[in-house]
2 protein chains.
Amino acid sequence: MPSKRTPKALPRAYHHGDLRSALIQSALGLLRDEGPEALTLRGVARAAGVSQAAPYRHFKDRRALVAAVAEEGFRMLQSAMLHAAQKADGRLGLKQVAIAYVQFGHEHPAEYRIMFGPEVARHDELPDLRETSSAVLAFVQVGLEQLQAAGSIGAGDPAAMAATIWSMLHGLVMLSLDGQTAGVGLTLDQLVDETTRIMMFGMASRT
Amino acid sequence: MPSKRTPKALPRAYHHGDLRSALIQSALGLLRDEGPEALTLRGVARAAGVSQAAPYRHFKDRRALVAAVAEEGFRMLQSAMLHAAQKADGRLGLKQVAIAYVQFGHEHPAEYRIMFGPEVARHDELPDLRETSSAVLAFVQVGLEQLQAAGSIGAGDPAAMAATIWSMLHGLVMLSLDGQTAGVGLTLDQLVDETTRIMMFGMASRT
DNA sequence: ACCTGAACACCGTTCAAGT
DNA sequence: ACCTGAACACCGTTCAAGT
């Protein structure tokens, strides 16, 4: 008995064992087009053209899919930061990276929220995500050590300084996405500028 | 022009007393005991001992309940900051408030996540929440203006500085809750200390 | 005026069965 | 080996009906 049901957009990866990647791509598309609340296991399966149970061949549960999506986000973020750093040099590096970081959050708001959302917060059981996300901190820290070597900023624990900077950038992205900085009479770029300047002055003064 | 503060709804005696307040209290209890994912409309109704449909007499939808819970959180946060500021004076104020802020996030992690979660992020339609949450920024700004008047920090737009500090504190709470600062060899208190110092130095240097 | 019970559409997850 | 269809328990929301 032949079934005449023809799926509209069956991803070609379907038959080649690439369903895992196809699901992540579908998830990224849903996030971009419909926001964080659209990131459901059934919705992603639907978008990928497979049954609701199919994702369980590739992800232990919904959290595992969300973690994979978050990982992909951290890779994109790191790439954006790296790109910004390569275009700058010396003292300007930190500012350029800061701008790129905040820009990434505003260009991919739903993705960014997933990356730092409660669903993947406890990543004790998600070693891949832990590694990918901690690369952000390491990246900032290396940059700070170069600034220290160049004498642009004072001595001090670079890990602590890196955590400070990351906290600053993360908070700025989240609060501005939430509209909490709307009352301040500055554009986002101006805020990033002001913020980076305060941080640079503060770290320069450390002995 | 008299700004009219419209009271939400006069508490009236229901069968359960004030069911609206009871639901919010139940929600806070669920958050504390079981985390953010336990904040469901049906679960809250169950915890309050009413039917699943009863909350709709008091909240338009789930989002309205979440917003009310977030509002309560911002009131608690502001109270903690105010209390810390009153115990300190002068330059020490900022540090004490910063410690109190971060402490609040770590004592009420699930509540804090709800306050800044995506469900209430777009608060264009939640004027009460908008007002309550923006009070945090105003509080910090007033403190900064006092520091400026005392000459402890340099000139500069206090609103921008306040946004910078709030971003810093918010990012620190979120990243430390997510375990992202675990790699840094410092305790949370030490991180707050380092962070506050950098900010104070940075703002002192502004001319 | 306030609340209940049933209903609907949706979701995460499991499992026997199909290819 | 990989996927499907059905099933279960849960959720948000609506609505007629009860007190």
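Chain identifiers are assigned alphabetically (A, B, ...) following the order of the sequence lines, protein sequences preceding nucleic acid strands; residue numbering begins at 1 within each chain. For clarity, every value in this text was computed on a predicted model and none was experimentally measured.
- Distance from the side chain of A/Arg42 is smallest for D/dA7 among the nucleotides D/dA7, D/dT4, D/dT13.
- As a whole-Å value, the separation of B/Tyr56 OH from D/dA16 C1' is 17 Å.
- The separation between A/Phe59 atom CZ and D/dC3 atom P is 12 Å, rounded to whole Å.
- Out of D/dC3, C/dT4, D/dA7, the shortest distance to the side chain of B/Ser51 is found at C/dT4.
- Under the Watson-Crick and G-U wobble criteria, each requiring two contacts below 3.5 Å, nucleotide D/dC2 is paired to C/dG18.
- Take the nearest nucleotide of DNA chain C for A/Lys60 and for A/Gly43: the residue whose nucleotide is more 5' is A/Gly43.
- The shortest distance between the side-chain N/O atoms of B/Arg57 and the OP1/OP2 oxygens of C/dT4 is not below 4.0 Å.
- Relative orientation of the B/His170 and B/Phe116 rings is tilted, given thresholds of 30° and 60° on the angle between their planes.
- A/Thr181 and A/Ser176 share no donor-acceptor pair across their side chains, judged by distance under 3.5 Å alone.
- An OP1 or OP2 oxygen of D/dC11 is reached within less than 4.0 angstrom by a side-chain nitrogen or oxygen of B/Thr40.
- Distance, A/Gln52 CD to D/dT4 P: 10 Å, rounded to whole Å.
- Mapping A/His58 and B/Leu41 onto DNA chain D by nearest heavy atom places A/His58 at the nucleotide closer to the 5' end.
- The nearest whole Å value for the distance from the CZ atom in B/Arg46 to the C1' atom in C/dT4 is 15 Å.
- As rounded to whole Å, 17 Å separates atom C1' of D/dA1 from atom CZ of A/Arg20.
- The base-pairing partner of D/dC8, taking Watson-Crick or G-U wobble contacts with both distances under 3.5 Å, is C/dG12.
- A/Arg62 contributes a side-chain N or O that, together with a main-chain N or O of A/Leu39, makes up a donor-acceptor pair within less than 3.5 Å.
- Of all nucleotides listed (C/dC11, D/dG12, C/dT13), D/dG12 comes nearest to the side chain of B/Arg62.
- The residue A/Arg63 sits apart from the nucleic acid: no heavy atom pair falls under 4.0 Å.
- If you take CD of A/Glu119 and P of C/dC11, they are 15 Å apart, rounded to a whole angstrom.
- For the atom pair CG (B/Leu177) and OH (B/Tyr112), the distance works out to 8.0 Å, reported to the nearest 0.5 Å.
- When each of D/dC3, D/dT14, C/dG12 is scored by its nearest atom to the side-chain atoms of B/Ala53, the top-ranked nucleotide is D/dT14.
- Between B/Arg20 and B/Asp18 there is no salt bridge, since none of the side-chain N atoms of the basic residue sits less than 4.0 Å from a carboxylate O of the acidic one.
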